[in-house]
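Taking it in order: structure first as structure tokens, then the write-up.
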Protein chains: 2
Amino acid sequence: MTAQDLDFWSFVDAAVDRAHDRLPGIDPEAMRLVLTLYRVTNMVVYDMESVVHRPRGWSYPGFRLLFTLWVAGPMEAKRAAELSGMSRQAVSALVNTLDRDGLVSKVPDQSDRRAVRLSLTVRGEDALTDAFAAHNARETLWADALSAGERETLARLLAKLGAREGVRRRR
Amino acid sequence: MTAQDLDFWSFVDAAVDRAHDRLPGIDPEAMRLVLTLYRVTNMVVYDMESVVHRPRGWSYPGFRLLFTLWVAGPMEAKRAAELSGMSRQAVSALVNTLDRDGLVSKVPDQSDRRAVRLSLTVRGEDALTDAFAAHNARETLWADALSAGERETLARLLAKLGAREGVRRRR
DNA sequence: GCTAACCAATCAAAGCTTTGACTACCTTGT
DNA sequence: ACAAGGTAGTCAAAGCTTTGATTGGTTAGC
């Protein structure tokens, strides 16, 4: 396989081979794992965003924040950042858009006047329910690439990777 | 587990339960798989970016483009977009930054004057070699969460998901 | 009470990505 | 030759994310 014949996926093989040839000390398996993880996730996210969310006028981050509120109920912006995995600044910017579009309401907290309490509007809840149904249908389409046993194994190994001690998220 | 006790990971369980309760038709397994995939990948990418790349003054996308050129050699911008998984516009914008910083050179193609040929500068190659060593060491740290057999299984299942027919990348 | 430390949120600047539009160039068919 | 269509790259506008700085509010120590 020369450099001329590569495509998006065979690039991973070429990268592993080339790195292994040129840099003796590297770990080819770890490299393949992270490269593949990154590419698959990007592919799935791009698909979700272009098929489900952009046609509805939303972004994937917007959906994630609305979904967070839908799952865990009204909460402070800081907590929404923790649960969704965004930074507080990102939540702040994102809520401006969602508030403008009438999907989220932002109310100053009674007991702590620094905080704002976020909640779905009725319109936000309706829109989320519709978008989530389409989102999940698309998830199923992806998941169907694997057998039930493979899906369980994949989810379990991913969770184990995510639980990695010593390499923790700091935000 | 009430909504008050959730954290970043238990949110996934809560989301699956809550969706299952409120919307009868959804596919909880597919949901868990995609949610977990997304969160793990974001965690790994954030870690790489904050530990390896930002301290060197780079972004993760910048690293990916340099790495693509390092693996497959000089190429047109369009091809770099295909292999790296970025859009042509994204490559165009990114190359402006990398060119400004002296890491990539952009030369008009002789035979097709529409095209530009991208290649690593000497400085770009040196910087990439250094960054890649650190990047791969960090990848190893993550991969060590799993046994050798688990790593192989995970990489294989991810590749199978990425090879999904009927749900293809369109860019 | 009052100051110091801390904390929630936002602002500002820079970077990446996206869609849509546009220019310049190449290629094909007549 | 030359017009029609396709292609490579860029520009523009909007959105999200990041780091670093700032504002306003709370809490703890003296």
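A note on names: the letters A, B, ... follow the listed sequences, proteins ahead of strands, and every chain is numbered from 1.
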Test ring-ring contact (aromatic ring centres under 6.0 Å, His included) applied to Tyr38(A) - qualifying residues, sequence neighbours left out:
Tyr60(B)

Whole angstrom value for the distance that separates P of dT18(C) from CE of Met86(B):
10 Å

Applying side chain to side chain donor-acceptor pair (under 3.5 Å), can you list everything that pairs with Glu49(B), at least two apart in sequence or on another chain?
Arg54(B)

Euclidean distance, atom OH of residue Tyr60(B) to atom P of dT17(D) [Å, nearest integer]:
18 Å

Could you identify which residues of residues 91-101 of chain A place a heavy atom less than 4.0 Å from some atom of DNA chain D, listed by residue number, or say none?
Ala93(A), Leu94(A), Thr97(A), Arg100(A)

Whole angstrom value for the distance that separates P of dG15(D) from CZ of Arg56(A)
19 Å

Would you tell me whether Asp7(B) and Ser10(B) have side-chain atoms, one donor and one acceptor, within less than 3.5 Å of each other?
yes

Under the side chain to side chain contact (heavy atoms under 4.5 Å, CB included) test, residues paired with Ala93(B) that sit two or more places apart
none

List in chain and number order the residues that pass salt bridge (Lys or Arg N to Asp or Glu O under 4.0 Å) with Arg88(A), two or more places apart in sequence or in another chain; answer none if no residue qualifies.
none

Rounding to a whole Å, what distance do you find between Lys78(B):NZ and dC25(C):C1'?
14 Å

Anything under 3.5 Å between a protein N or O and an N or O of nucleotides 21-23 of chain D, put it in a table, one pair a line.
none

Can you pull the salt bridge (charged side-chain N to carboxylate O under 4.0 Å, His left out) pairs that have at least one residue in residues 27-38 of chain A, sequence neighbours excluded?
Asp13(A)-Arg32(A), Glu29(A)-Arg151(B)

dT18(C) C1' sits how many Å from His53(A) NE2, rounded?
15 Å

Report the residues that fulfil salt bridge (Lys or Arg N to Asp or Glu O under 4.0 Å) with Arg123(A), sequence neighbours left out, ordered by chain and then residue number.
none

Within residues 102-118 of chain A, find the residues that approach DNA chain C with a heavy atom at under 4.0 Å, and present them sorted by residue number.
Lys106(A), Arg114(A), Ala115(A), Val116(A)

Walking DNA chain C from its 5' end, the first of Arg54(A) and Glu76(A) to be reached, judged by nearest nucleotide, is Glu76(A)

Residue pair Leu66(B) / Trp58(B), side-chain heavy-atom distance below 4.5 Å:
yes

When you check the phosphate oxygens OP1 and OP2 of dT17(C), does a side-chain N or O of Ser87(B) lie under 4.0 Å from one of them?
no

Over how many whole Å does the gap from Trp58(B) atom CH2 to dC16(C) atom P extend?
12 Å

Just jot down the side chain to side chain contact (heavy atoms under 4.5 Å, CB included) partners of Arg156(B), sequence neighbours excluded, or say none.
Glu150(A), Glu152(B), Thr153(B)

Nearest to the side chain of Arg88(B), which nucleotide is it out of dT19(D), dT17(C), dA8(D)?
dA8(D)

To the nearest angstrom, how far is Leu65(A) atom CG from dG15(D) atom C1'?
14 Å

For Asp101(A), check side chain to side chain contact (heavy atoms under 4.5 Å, CB included) against everything at least two apart and list the hits.
Thr97(A), Leu103(A)

Sequence neighbours excluded, the answer for salt bridge (Lys or Arg N to Asp or Glu O under 4.0 Å) partners of Asp130(B) is Arg56(B)

